[in-house]
S.K.: 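Next up is a structure, given as structure tokens.
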Amino acid sequence: MFQIYKEDYLRYLTKAAGVIRENKEYITELDSATGDGDHWLNLTIGFEKLLEKSKEWEGATYQELFRNIAMTMMSAMGGSSGVLYGSAYLKTAGLLANRESIDQELLGEILQGWAEAIRSRGNAELGYKTMLDAVYPAASAYAKGLEEGKSSEECLRQMARAAREGAESTRDMEAVKGRASYREDKSVGFLDPGAVTMAMQLECLADFILKEDKDPAAKD
């Protein structure tokens, strides 16, 4: 069973920001095909602001960290992404009250909380072609792994795979929300950039935890 401390999570944010940064052309191409083409920029602004403020948060509790992440994303990121990411972190901040680390069980609750917050705040359902189509399957796959008594490694790999497959499934969906829904073709045949970038972050989280769990020296 893994333990992800606040300092670890801050380092994960750096990794996630790097993944987003490295995929600039791909993400922008996806969003330009059906949207405004600014999804990458909005995400990057949000994550860079998180990294900029991370030093200020070193003395915060885990719960305060999640609240700070929420408020920063809401204020820094444009479009709907900032509101949705912020709502997800704000909803799950309460789960970290008096907690010093995130373990296998708590991560499952956090993932479920993210899915519920995005679904509620975004007024979205599974199949609407949004980031929910990546995070909901990921949360469900992880929960199923826990219920079946699988190892943390298996649960994390299931989560990452489900997120990736969920994002890929948006290619065949009709957009119900956002600019893409106004297209005549409802963006069928195109991937949803929000789902793709959510999947990237969840895969990054799984990889980060697995690496930390197998190689404690990676924290140094």
Side-chain angles (χ1 to χ4, degrees), residues 12-51 69-70 72-89 91 111 114-141 159-208:
Y12 154 69
L13 290 176
T14 299
K15 296 286 187 182
V19 169
I20 297 300
R21 195 182 305 118
E22 292 164 7
N23 283 277
K24 175 181 179 179
E25 292 185 10
Y26 176 55
I27 297 168
T28 301
E29 180 182 353
L30 286 180
D31 194 36
S32 296
T34 59
D36 294 330
D38 61 356
H39 181 60
W40 177 85
L41 180 61
N42 287 333
L43 272 184
T44 299
I45 290 174
F47 272 97
E48 291 302 324
K49 183 60 70 172
L50 293 180
L51 300 189
I69 290 172
T72 300
M73 286 185 151
M74 284 182 176
S75 62
M77 291 168 64
S80 61
S81 295
V83 174
L84 295 176
Y85 276 94
S87 296
Y89 273 96
K91 181 178 179 63
L111 291 171
W114 285 354
E116 291 173 359
I118 290 170
R119 180 176 185 172
S120 175
R121 191 71 175 85
N123 194 26
E125 297 294 339
L126 202 61
Y128 275 23
K129 201 180 182 95
T130 70
M131 67 173 74
L132 183 65
D133 292 300
V135 69
Y136 184 86
S140 297
M159 177 193 81
R161 183 167 57 252
R164 184 170 58 252
E165 292 174 351
E168 180 60 35
S169 73
T170 64
R171 189 187 301 276
D172 299 321
M173 296 177 184
E174 291 188 356
V176 178
K177 311 284 291 184
R179 181 179 291 270
S181 66
Y182 295 107
R183 290 168 55 98
E184 185 176 350
D185 62 5
K186 300 293 184 182
S187 81
V188 173
F190 298 91
L191 293 174
D192 177 68
V196 170
T197 52
M198 174 58 76
M200 286 179 178
Q201 292 167 66
L202 291 172
E203 287 185 86
C204 178
L205 179 60
D207 289 342
F208 178 81

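Everything quoted here is computed from the prediction, not taken from an experiment.
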S.K.: Going from CG on Asp192 to OG1 on Thr34, what distance comes out if it is rounded to the nearest 0.5 angstrom?
M.R.: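 Separation between the atoms: 7.0 Å.
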S.K.: Would you mind reporting whether Pro193 and Thr28 have side-chain heavy atoms less than 4.5 Å apart?
M.R.: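 When only atoms from C-beta onward are counted, Pro193 and Thr28 do not touch, as no gap falls below 4.5 Å.
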S.K.: Could you check whether any side-chain N or O of Ser169 sits under 3.5 Å from a backbone N or O of Gly166, counting only pairs where one atom can act as donor and the other as acceptor?
M.R.: yes
S.K.: Taking atom CG of Asn23 and atom CG of Leu30, what is their separation to the nearest 0.5 Å?
M.R.: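 Those atoms lie 9.5 Å apart.
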S.K.: Output yes when a side-chain donor or acceptor of Ser32 lies under 3.5 Å from a complementary backbone atom of Glu29, and no otherwise.
M.R.: no
S.K.: Can you confirm whether Thr170 sits close enough to Phe190 that some side-chain heavy atom of one is under 4.5 Å from a side-chain heavy atom of the other?
M.R.: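 Side chain of Thr170 against side chain of Phe190, heavy atoms only: no contact under 4.5 Å found.
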S.K.: Which heavy atom of Ala199 sits nearest a heavy atom of Ala163, and at what distance?
M.R.: CB-O, 3.4 Å
S.K.: Set out, in order, the CA-CA distance, both residues' side-chain angles and the distance that settles ring-ring contact (aromatic ring centres under 6.0 Å, His included) for Tyr26 and Trp40, then state yes or no.
M.R.: CA-CA 9 Å; Tyr26 176 55; Trp40 177 85; over 10 Å; no
S.K.: Tell me the closest heavy-atom pair linking Ala70 and Gly86, and the distance in Å.
M.R.: CB-O, 3.2 Å
S.K.: Taking all non-hydrogen atoms of both residues into account, name the closest pair between Ala115 and Val135 and its distance.
M.R.: CA-CG1, 4.0 Å
S.K.: Please name all residues satisfying side-chain contact (heavy atoms from CB on, under 4.5 Å) with Thr72, sequence neighbours left out, ordered by chain then number.
M.R.: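 If we apply the side-chain contact (heavy atoms from CB on, under 4.5 Å) test to Thr72, skipping adjacent residues, the hits are Lys49, Leu50, Lys53, Trp57.
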S.K.: Would you say the side chain of Lys177 lies within less than 4.5 Å of the side chain of Asn123, judging by non-hydrogen atoms?
M.R.: yes
S.K.: Just how far is it from atom CE of Met173 to atom NZ of Lys186, taken to the nearest 0.5 Å?
M.R.: 15.5 Å
S.K.: Inspect the contact between Glu48 and Arg21 and indicate whether a charged nitrogen and a carboxylate oxygen are less than 4.0 angstrom apart.
M.R.: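 Salt bridge between Arg21 and Glu48, a charged N being under 4.0 Å from a carboxylate O: yes.
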S.K.: Is the shortest side-chain heavy-atom distance between Phe47 and Met77 below 4.5 Å?
M.R.: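 They are not in side-chain contact.
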S.K.: Starting at CG of Leu202, measure out to CH2 of Trp114 and round the result to the nearest 0.5 Å.
M.R.: 6.5 Å
S.K.: Search all heavy atoms of Met74 against all heavy atoms of Ser87 and return the closest pair with its distance.
M.R.: CE-N, 3.4 Å
S.K.: Within a strict 4.5 Å, meaning less than it, do heavy atoms of the Gln201 and Val19 side chains meet?
M.R.: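 SC-SC contact between Gln201 and Val19 ruled out.
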S.K.: Say you draw a straight line from CD of Glu174 to OG of Ser187; how long is it, rounded to the nearest 0.5 Å?
M.R.: 8.5 Å
S.K.: Cation-pi check for Tyr85 against Arg121: NZ or CZ below 6.0 Å from the six-membered ring centre and within 45 degrees of the axis, yes or no?
M.R.: no
S.K.: Provide the closest heavy-atom pair for Arg183 versus Ala33 in the form atom of the first, atom of the second, distance.
M.R.: NH1-O, 2.9 Å
S.K.: For Gly127, is there any backbone N or O sitting under 3.5 Å from a side-chain donor or acceptor partner on Asp133?
M.R.: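 Yes; at least one donor-acceptor contact below 3.5 Å.
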S.K.: Distance check, rounded to the nearest 0.5 Å: Lys91 atom NZ versus Ile118 atom CD1?
M.R.: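 Going from NZ on Lys91 over to CD1 on Ile118, the span is 11.5 Å.
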S.K.: Are Thr197 and Met131 packed together at the side-chain level, in the sense that at least one heavy-atom pair is separated by less than 4.5 angstrom?
M.R.: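 A side-chain contact is absent here, since even the closest heavy-atom pair is not under 4.5 Å.
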S.K.: Do you know the tightest heavy-atom contact between Thr130 and Ala195?
M.R.: O-CB, 3.5 Å
S.K.: So, are Glu125 and Arg119 salt-bridged, with charged N and O less than 4.0 Å apart?
M.R.: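 Counted as a salt bridge, because a side-chain N and a carboxylate O are separated by less than 4.0 Å.
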